[in-house]
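No hydrogens, no waters, no symmetry mates; every other heavy atom, side chains included, goes into these values.
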Amino acid sequence: MSETFEPEQPLDIVGYSMGGIVSRYYVQRLGGINRVQRFITLSSPHHGTLTAYSLRLPGYLDMRPDSGLLRDLNQDVTMLKRINFTSMWTPFDIMIVPANSSQMPVGKEVKVNVLLHRQMVTEPLSINAIVEELKAPIENKIPT
């Protein structure tokens, strides 16, 4: 990242599906909390997904309910209150099972009524919701 962005340059992150969990790791464990202004997750399995039992690959193991990675990130999820954090999800998601696993106890929640997991990144309804969140004023940033 240092080759692309200046060291003190603030960032906005949008993470889709497992990318939301990878981004949470950056924010919560690798110091991203000090750079990120807005953080939006789209259909991310914050509390795991039953579909992760379909394969025994490392990424799938981490996305299972109660995995070590998710337990670790969820133990101090309140740190996300320090930034503009939004979790977007659809109740019709059949990849994130149960769909409400994409909900978070902190930040803003946006429910988008699209029919499929992948439509969270293609449907105008969700794209417009992302744009609105990215345009929102920075309210929660606590100076470090």
Side-chain angles (χ1 to χ4, degrees), residues 1 4-5 8-144:
M1 188 172 341
T4 306
F5 301 103
E8 302 300 318
Q9 181 178 350
L11 303 172
D12 292 337
I13 295 178
V14 178
Y16 166 64
S17 197
M18 186 179 182
I21 304 303
V22 171
S23 299
R24 272 187 66 195
Y25 191 85
Y26 167 70
V27 170
Q28 291 181 249
R29 297 292 177 262
L30 300 177
I33 193 76
N34 298 316
R35 291 189 68 177
V36 174
Q37 302 180 111
R38 296 175 190 90
F39 177 28
I40 302 166
T41 60
L42 307 169
S43 288
S44 294
H46 297 292
H47 305 286
T49 176
L50 297 177
T51 60
Y53 287 101
S54 63
L55 293 172
R56 293 196 48 77
L57 299 172
Y60 281 71
L61 298 174
D62 286 337
M63 296 305 108
R64 290 179 178 178
D66 207 38
S67 73
L69 174 66
L70 294 177
R71 274 195 321 272
D72 176 56
L73 292 175
N74 288 332
Q75 75 180 347
D76 63 351
V77 72
T78 57
M79 76 184 306
L80 295 175
K81 290 180 180 180
R82 293 176 48 193
I83 59 177
N84 278 31
F85 173 68
T86 304
S87 57
M88 294 187 179
W89 67 289
T90 176
F92 308 111
D93 204 322
I94 58 172
M95 182 61 71
I96 308 302
V97 178
N100 67 357
S101 179
S102 294
Q103 293 177 288
M104 290 289 280
V106 299
K108 182 177 179 182
E109 176 184 318
V110 177
K111 183 169 74 169
V112 183
N113 291 320
V114 299
L115 294 181
L116 299 172
H117 182 76
R118 69 177 177 261
Q119 287 178 324
M120 289 295 287
V121 294
T122 61
E123 282 294 313
L125 188 62
S126 58
I127 301 284
N128 291 337
I130 295 165
V131 168
E132 288 306 308
E133 291 305 309
L134 289 172
K135 290 183 348 187
I138 305 300
E139 296 175 1
N140 297 335
K141 191 67 177 176
I142 299 171
T144 56

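The minimum heavy-atom distance linking Ala99 with Pro91 is given by the pair CB-O, 3.7 Å. Closest approach of Thr78 to Val106, counting heavy atoms only: CA-CG1, 4.1 Å. Shortest non-hydrogen contact noted between Ser44 and Gly20 is OG-CA, 3.3 Å. For the pair Gly48 and Leu70, the tightest heavy-atom approach, listed with the atom from each and the gap, is N-CD1, 3.3 Å. Listed here is the closest heavy atom pair of Gly15 and Ser23: CA-OG, 4.2 Å. When all heavy atoms of Val114 and Met120 are compared, the pair lying nearest together is CG2-SD, 3.4 Å.
Judged as a salt bridge (charged side-chain N to carboxylate O under 4.0 Å, His left out), not a single pair has a partner in residues 13-23 (not counting sequence neighbours). Residue pairs meeting the ring-ring contact (aromatic ring centres under 6.0 Å, His included) criterion with at least one member in residues 100-139, sequence neighbours excluded, are Tyr16-His117. Sorted pairs that involve residues 86-110 and meet ring-ring contact (aromatic ring centres under 6.0 Å, His included), not counting sequence neighbours, are lacking altogether.
The closest side-chain heavy-atom distance from Arg38 to Ile83 is not below 4.5 Å. Between Val112 and Leu42, every side-chain heavy-atom pair lies at or beyond the 4.5 Å cut-off. Side-chain contact between Thr49 and Ser101 is absent, with no heavy atoms from C-beta onward closer than 4.5 Å. Side-chain contact between His47 and Met104: present, with at least one pair of heavy atoms (C-beta onward) separated by less than 4.5 Å. Taking the side chain as every heavy atom from C-beta outward, Ile130 and Leu134 approach each other to under 4.5 Å.
Glu109 places no side-chain N or O within 3.5 Å of a backbone atom of Ser87 that could act as its donor or acceptor partner. Formation of a donor-acceptor pair under 3.5 Å by the Glu132 side chain with backbone atoms of Asn128 is not found in this model. In this structure, Asn100 contributes its side chain and Gln103 its backbone to no donor-acceptor pair below 3.5 Å.
Listed by chain and residue number, nothing satisfies the side-chain contact (heavy atoms from CB on, under 4.5 Å) test with Glu8 (two or more places apart in sequence, or in another chain). Residues passing the side-chain contact (heavy atoms from CB on, under 4.5 Å) test with Glu133, sequence neighbours excluded: Ile40, Thr86, Met88, Lys108, Val110.
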Criterion side chain to side chain contact (heavy atoms under 4.5 Å, CB included) on Val121 and Ser126, from CA distance to verdict: CA-CA 7 Å; Val121 294; Ser126 58; over 6 Å; no
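For CZ of Arg118, the number of neighbouring non-hydrogen atoms (other residues, nucleotides, ligands) closer than 6.0 Å is 12 at most. No more than 12 heavy atoms of other residues, nucleotides or ligands sit less than 6.0 Å from atom CD1 of Ile94.
In this structure, OG in Ser43 is found 10.5 Å from CD in Gln119, a value given to the nearest 0.5 Å. Considering CE of Met95 and CG of Leu116, their distance stands at 10.0 Å, rounded to 0.5 Å. Taking CZ of Arg24 as the reference point, atom CG of Leu30 lies at 13.0 Å (rounded to 0.5 Å). Atom OG1 of Thr4 is separated from atom CD of Gln9 by 9.5 Å, given to the nearest 0.5 angstrom.
There is no side-chain donor-acceptor pair under 3.5 Å between Gln37 and Asn84. Side-chain contact annotation: His46 with Thr41, donor-acceptor N/O pair under 3.5 Å present.
Ring geometry, Phe39 versus Phe85: the interplanar angle falls from 30° to 60°, so the pair is classed tilted.
Residues Arg35 and Asp12 are not paired through a salt bridge, judged by the lack of any N-O separation under 4.0 Å between the basic side chain and the carboxylate.
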N/O donor to acceptor pairs below 3.5 angstrom from side-chain atoms of residues 52-66, sequence neighbours left out:
unit_1, atom_1, unit_2, atom_2, d
Ser54, OG, Thr51, O, 2.8
Arg64, NE, Ala52, O, 3.2
Arg64, NH2, Leu55, O, 3.3

